[in-house]
Amino acid sequence: MKKGYFGEFGGQFVPELLVPPLRELEEACETIVASSDFQEELGDLLRNFAGRPTPLTRCDNLSRDLGFTLWLKREDLLHTGAHKVNNTLGQALLAKRMGKKNLLAETGAGQHGVATAAAAAKMGLGCTIFMGATDVVRQAPNVARMKLFGATVVPVHSGTSTLKDAINEALRAWIARQDDTLYCFGTAAGPHPFPTLVRNLQSIIGQETKKQAAERMGRLPDAVVACVGGGSNAIGMFYPFASDDAAKGVRLIGIEAGGTGEPGCYNSAPINLGTPGVLHGQHSMLLQDAFGQVQPSHSVSAGLDYPGVGPEHSYFAQVGRVHYRVVYDAEALRAFETLARREGIIPALESSHALAFVLEHREEFTPGSHVVVNLSGRGDKDMGIVAGLLPSLQGDA
Amino acid sequence: MGKSTLQQRVEQANKAGRIARIPFITAGFPTKAEFVGILRELDAHGADVIEVGVPFSDPVADGPVVEAASRVALEQGVTLPWILEQLAGLTPRLKAGVVLMGYYNPFLQHGLERLAADAAKAGVEGFIVPDLPLGEDAPMRAALRAHSIDLIPLVGLNTSEERMREYAATASGYVYVVSVMGTTGGTNSMNATVEDALERVSRVFSVPVALGFGIHSPQQLASLRVKPQAAVFGSALLRHLEAGGTVAEFMKPWVS
Ligand SMILES: Cc1ncc(COP(=O)(O)O)c(C=O)c1O
């Protein structure tokens with residue numbers, strides 16, 4: 001396979017001015033990230049700063065109804081509230097060892113921005129976060145958290161003023177600041193080497209899950225389900241299974257966000273509803289019109305609201321190792337409420353998509369089997385959004 | 001391989017004792033109806049080559065001016081087939097050559113072979129694709145070469161001499177030097193770093209050198225110790241037109 005490619009997907013479609021910093025990062029991945037010294041320090045940060053390993057929780061109440069055992073990989077319990085910190089700690093440590101003084105990053109919902117700002121504060125790095133102007137308003141509490149960590153938040157007014165435009169602006173800024181700044185990319189997408197770097201940093205999710213499954217189930221799970229925005233929590237969960245011959249029989253299911261599902265409405269499901277194209281440095285599945293213009297995306301979950309997807313997912317879809325399915329806003333909201341009521345856990349709306357697939361398609365899972373859902377984040381950040389959407393939260397207290 | 005038409009155009013300007021003039025205009029800016037007229041005026045007022053911007057939803061190498069122009073064009077329904085159709089009727093009547101500058105995805109979705117054939121029919125002599133660096137450019141370069149169309153390489157102040165040599169091995173037309181570590185329309189100090197880069201590029205490439213991004217007046221070039229063979233100006237022209245200025249006024253300092 002060509003370097004930086006997963007089958008026909010991947011690549012490095014960037015302005016020539018970004019080739020030198022990407023090369024520098026590639027080299028740092030091979031020398032610094034691969035070193036035992038780096039891995040040791042990162043391991044310490046993940047344990048003692050972020051809170052790893054995260055538990056594997058058995059959902060006894062829901063399992064009784066479902067007729068199979070539902071488990072949750074609890075990335076929601078990590079510091080800053082989502083899996084994003086696995087990646088940002090790795091990249092912040094890398095930046096420091098590369099001699100960089102600053103991080104810059106894009107963010108949509110603000111989860112990656114918060115995780116980047118926290119990692120930068122911890123590592124003593126400067127931090128600039130680009131965020132679509134629409135998202136700055138929608139996700140005000142996360143903007144405040146980023147600022148509290150000392151980050152500069154730059155609202156982006158171009159294009160659709162959302163995540164994809166924040167990525168454009170971050171790439172532009174990196175051109176000018178490459179000497180002393182690392183672009184801390186938020187998902188397993190973008191130009192090579194980001195898809196591989198982020199996947200490797202997130203693979204701890206799947207590695208821990210396999211180990212915990214062996215201890216708790218006495219074997220591998222039968223199915224593993226994760227939501228797919230850019231694809232980092234899902235690839236981090238799937239890759240240790242997909243790259244292990246002994247785990248060939250484990251069903252891997254990625255969930256894309258279908259939006260409202262009404263005809264003519266935008267969605268965030270490029271693998272199911274898009275076509276191959278080039279955006280943000282990569283060739284991958286993409287929501288676009290007949291002329292190659294990128295379509296706006298939509299999902300009730302801001303973290304899944306993106307018209308593209310990481311190239312390795314496009315590849316896994318093409319070769320059939322992972323099955324990608326669509327879950328709609330209403331199904332995710334139902335799952336959000338169900339998990340809170342039945343298991344005492346508030347999932348992020350992103351993770352609720354993965355959970356919803358299991359709850360809404362229980363007939364697709366064998367009775368008595370073990371099903372793991374990656375609970376990529378906690379839902380506190382979504383309370384403002386669901387308050388207006390869930391009937392149970394309407395009316396007087 | 002002989003010299004391409006684009007290379008000859010630049011060299012002819014140089015023979016006449018001047019730097020070749022390459023204005024950039026986003027197709028369909030400020031309105032679709034004005035597109036053909038603006039191209040004809042640029043041609044009449046001394047353009048040697050005209051770079052026509054193909055609008056894209058996510059122009060990562062562009063600053064706010066070109067991005068806004070791109071959005072205006074898209075809102076009016078400007079598409080690649082429309083641009084090619086307009087050019088097919090126009091290029092036979094232009095003295096200047098036409099180059100399309102745009103991001104890879106719209107070209108890829110058109111189909112690279114079909115694009116090359118359609119572009120040849122439309123009289124397009126070259127392409128500039130800012131998100132298609134060496135390493136990803138082989139399919140497009142091969143498709144264009146079959147129709148003798150140049151794929152113009154872009155290099156920057158941070159491009160190593162070694163990488164320039166790799167670019168030079170396949171370069172035709174001219175080589176485009178990005179004069180800022182930033183996006184189109186960026187501010188440019190024309191400092192020693194730019195001169196060093198121009199020197200390196202001139203040493204490595206046998207095709208002429210065009211300097212662009214952030215150029216707004218011929219005075220900027222006057223102070224350069226090492227001169228490019230061509231100058232590209234885009235954001236400044238777009239800004240001028242947006243403020244109600246005419247092409248003739250804008251081109252005047254470049255022609256006199
Ligand atoms: C909790 C949570 N899950 C999932 C995602 C989607 O990103 P990815 O597909 O990279 O995991 C996000 C993004 O913000 C998130 O915050």
Side-chain angles (χ1 to χ4, degrees), chain A residues 2-5 8 10-24 156-179 190-192 275-284 286-296 307-308, chain B residues 54-64 67-68 70-71 73-74 77-83 102-111 115 129-139 153-160 163-164 166-167 175-178 180-184 186-187 213:
Chain A
K2 197 173 152 189
K3 195 173 75 154
Y5 273 82
E8 69 183 81
Q12 207 173 64
F13 297 86
V14 293
E16 176 61 32
L17 274 60
L18 282 178
V19 170
L22 287 169
R23 286 264 169 103
E24 188 188 358
V156 175
H157 294 277
S158 58
T160 55
S161 302
T162 61
L163 177 59
K164 84 178 173 65
D165 310 286
I167 295 177
N168 293 339
E169 207 54 38
L171 286 167
R172 290 176 184 128
W174 199 28
I175 293 177
R177 302 191 200 165
Q178 54 188 263
D179 281 348
H192 175 68
T275 49
V278 171
L279 175 71
H280 295 150
Q282 58 169 16
H283 182 241
S284 192
L286 180 64
L287 297 169
Q288 57 183 326
D289 69 13
F291 301 106
Q293 304 298 337
V294 178
Q295 299 268 24
Chain B
V54 178
F56 182 50
S57 51
D58 295 83
V60 289
D62 285 302
E67 171 162 35
S70 197
R71 196 170 56 245
L74 288 175
V78 171
T79 63
L80 180 56
W82 179 83
I83 295 168
Y103 292 82
Y104 191 43
N105 199 48
F107 297 143
L108 186 65
Q109 299 309 322
H110 194 86
L115 174 72
V129 189
D131 60 345
L132 195 68
L134 189 78
E136 304 292 358
D137 60 346
L154 287 143
V155 297
L157 306 180
N158 62 344
T159 308
S160 70
R163 188 154 167 93
M164 281 187 189
E166 292 172 45
Y167 268 115
V175 52
Y176 192 136
V177 178
V178 177
V180 292
M181 284 304 288
T183 50
T184 51
T187 42
F213 281 45

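Below, chain A is the first sequence line, B the second, and so on; all start at residue 1. Here the structure is a predicted model, which is why all the values come from computation and not from measurement. Hydrogens, waters and symmetry mates are skipped; everything else that's a heavy atom, side chains included, is used.
Per-residue heavy-atom pair counts under 4.5 Å with chain A were compared for B/D62, B/D137, B/V129, B/V155, and the maximum is reached by B/D62. The candidate from A/V278, A/T275, A/L18 with the greatest count of non-hydrogen atom pairs under 4.5 Å with chain B is A/V278. Per-residue heavy-atom pair counts under 4.5 Å with chain B were compared for A/P21, A/S158, A/P276, A/A290, and the maximum is reached by A/S158.
At a 4.5 Å heavy-atom cutoff, the contact between A/Q178 and chain B is made by side-chain atoms alone. Neither the backbone nor the side chain of A/A173 comes within contact range of chain B; no heavy atoms are under 4.5 Å apart. No part of A/P191 comes within reach of chain B, as not one of its non-hydrogen atoms sits under 4.5 angstrom from that chain. Using a 4.5 Å cut-off between heavy atoms, B/L157 makes no contact with chain A at all. The part of B/Y167 that comes within reach of chain A is its side chain, from C-beta onward, which places non-hydrogen atoms under 4.5 angstrom from that chain. With a 4.5 angstrom heavy-atom cutoff, B/P81 touches chain A only via side-chain atoms. The part of A/H283 that comes within reach of chain B is its side chain, from C-beta onward, which places non-hydrogen atoms under 4.5 angstrom from that chain. Heavy atoms closer than 4.5 Å to chain B are found in the side chain of A/L171, but not in its backbone.
Smallest separation of non-hydrogen atoms from A/G292 and B/F56: O-CE1, 3.2 Å. The shortest heavy-atom contact between B/R71 and A/G159 is NH1-N, 3.7 Å. Scanning all heavy atoms of the two residues, the minimum distance from B/T183 to A/R172 falls at CG2-CG, 3.6 Å. Listed here is the closest heavy atom pair of A/E16 and B/L134: OE1-N, 4.4 Å.
A donor-acceptor contact under 3.5 angstrom links the side chains of B/Q109 and A/Q288, judged on distance only.
Between the side chain of A/Q293 and the backbone N or O of B/S57 there is at least one donor-acceptor pair closer than 3.5 Å. Of the possible donor and acceptor atoms, none in the side chain of B/R163 sits under 3.5 Å from a partner among the backbone N and O of A/V19. Checked by atom type and distance alone, the side chain of B/E136 pairs as donor or acceptor with a backbone atom of A/Q12 at under 3.5 Å.
In this structure the side chain of A/P20 never reaches within 4.5 angstrom of the side chain of B/T159, judged on heavy atoms. The shortest distance between side-chain heavy atoms of A/D165 and B/D58 falls below 4.5 Å. For the pair B/D131 and A/V14, the minimum side-chain heavy-atom distance is 4.5 Å or more.
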Worksheet entry | Working for side-chain contact (heavy atoms from CB on, under 4.5 Å), residues B/L132 and A/F13 | CA-CA 5 Å; B/L132 195 68; A/F13 297 86; 3.8 Å; yes
Discussion item. With side-chain contact (heavy atoms from CB on, under 4.5 Å) as the criterion, how do A/L279 and B/N105 come out once you've worked through the C-alpha distance, each side chain's angles and the decisive distance to 0.1 Å?
Written reply: CA-CA 7 Å; A/L279 175 71; B/N105 199 48; over 6 Å; no
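Distance CG/A/L17 to CE/B/M181: 4.5 Å, rounded to 0.5 Å. Remark: B/N158 CG to A/R23 CZ distance equals 11.5 Å, nearest 0.5 Å.
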